[in-house]
Amino acid sequence: MLALTLHIMAVSLGLSLLAVGGAIAVVPEVYRLAVEVNGWMSPARFAELYAISQFAPGPNAMILALMGWEAVGGGAGGWLAGLAAMAAFVGPTSVISVFAFRSWAARISPAKQVLIRTALLPLSVALVASSGVLITLSLGAVPLVLGVVALVAAASAATKAHPLLLMAGGAAAGAVASLI
Amino acid sequence: MTEEQERLTPGALFRLFLFVSVQSFGGTLPFARRELIERRRLLSEAEFAEMLAIGQILPGPNVINMSAALGDRHAGWRGATAAVAGMVVVPVLIVMALATAIGAVTGFAAVQGALLGMAAAAAGLLLGTAWRMAGPMRRARRALIVFGAVFGAVALLRVPLALVLAAAIPASLALHGVFRRG
């Protein structure tokens, strides 16, 4: 259990250092490591946990806590692993952030900041889009899934509908479909 | 931060960011913005934008990077620790409690169906978010090349992210002229 928790923390730390553009940008890598490399969960279970993490309040990084929680199989050990995974994800990067803000980061000229953000934007967009595609594929290309994905994608791109409302709509559609 | 402005204690920083995090459904950014700029007036709109920009460039979650830096400004390392703890500890406990509660009822077909639908909606939200984020770059040829390469490598070829970033970050910075002098 201890060895597994340390392994989870190491994975989480590695992921945090790759989170350029935010926690949401590492979701494809969380998937690759948790499902494909370490076999901690099935693709469908990953998609479920991602949905649960988005349905709870807090930063996007919450999927990391659930990754740790699930990897040790929930229970008391799961709670510890979840907290440990989160500590490893935010601790070292926060230290980097404090040092960077104290020294060089605040001295990047505003023009250069804009340029760097412009250059990083297509990476972030590609990683967010990849997350959407990977989660869709892991649920299986059944009509219900594809329909909900398409409707919610269109609604969130074109309207200001609240994410929670759209997720509740998806849940309702899924529950009704399972009863028919 | 101006000199006259109050310095928050670690306890106050913890409570401030706890208040932000527990109401953050669907992303922390709008809630952090409202609390830090509009209600508490700890940052101006321009300061917030600059801190967020740097938080995005640095590795790690954006708003958490920002909360660490803001905590440090007010109360040093203890302040940074308190701010980050406020952002994550309670949400982690909530999300694990939620997963535990859902796990207790997954035997029901309707719950299974609801989870499937919710996960599909979460995937749809990611695609919609990507579309909205892409607003400024939909007609920018260089950005679309970078987008296509990264998307292909990550979603289709499943290349490890470290390799993708090691190639794509310098390439995109160079393509956008960040290394040019002046």
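Chain identifiers are assigned alphabetically (A, B, ...) following the order of the sequence lines, protein sequences preceding nucleic acid strands; residue numbering begins at 1 within each chain. Side chains are part of it too, since the values below use all heavy atoms of this structure and drop only hydrogens, waters and symmetry mates. Note that the structure is predicted; figures quoted are calculated from it, not measured.
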Quick one: does any side-chain atom of [X] pair with a main-chain N or O of [Y] as donor and acceptor, under 3.5 Å?
{"X": "B:R132", "Y": "A:S156", "result": "yes"}
{"X": "A:S97", "Y": "B:N65", "result": "yes"}
{"X": "B:N62", "Y": "A:G22", "result": "yes"}
{"X": "A:E48", "Y": "B:L115", "result": "no"}

Is chain B contacted by the side chain of [X], its backbone, both, or neither, given a heavy-atom distance below 4.5 Å?
{"X": "A:A111", "answer": "neither"}
{"X": "A:S16", "answer": "backbone"}
{"X": "A:L179", "answer": "side chain"}
{"X": "A:L166", "answer": "both"}

Taking the side chain as C-beta and beyond, is there a heavy-atom pair between [X] and [Y] under 4.5 Å?
{"X": "A:V20", "Y": "B:I57", "answer": "no"}
{"X": "B:L58", "Y": "A:F101", "answer": "yes"}
{"X": "A:S94", "Y": "B:I64", "answer": "yes"}
{"X": "B:R158", "Y": "A:Y31", "answer": "yes"}
{"X": "B:W77", "Y": "A:V95", "answer": "yes"}
{"X": "A:L83", "Y": "B:V88", "answer": "no"}
{"X": "A:Q54", "Y": "B:L125", "answer": "no"}
{"X": "B:P61", "Y": "A:N60", "answer": "no"}

Under a 4.5 Å heavy-atom cut-off, does chain A meet the side chain of B:A162, its backbone, both or neither?
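Contact with chain A involves both backbone and side-chain atoms of B:A162.
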Determine, step by step, whether A:Q113 and B:I54 satisfy the side-chain contact (heavy atoms from CB on, under 4.5 Å) criterion, reporting the C-alpha distance in whole Å, the side-chain angles of both residues, the deciding distance to 0.1 Å, and the verdict.
CA-CA 8 Å; A:Q113 279 182 28; B:I54 296 169; 4.1 Å; yes
What's the verdict on side-chain contact (heavy atoms from CB on, under 4.5 Å) for B:V164 and A:L123, showing C-alpha distance, side-chain angles and the deciding distance?
CA-CA 10 Å; B:V164 175; A:L123 276 82; over 6 Å; no
I'd like to know which of A:G174, A:G58, A:P57 tops the heavy-atom pair count under 4.5 Å against chain B.
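Greatest number of close heavy-atom pairs with chain B: A:P57.
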What distance separates B:M133 CE from A:L121 CG, expressed to the nearest 0.5 Å?
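Answer rounded to 0.5 Å: 6.0 Å.
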Looking at OG of A:S53 and CD1 of B:I94, how far apart are the two atoms once the value is rounded to the nearest 0.5 Å?
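Separation between the atoms: 13.0 Å.
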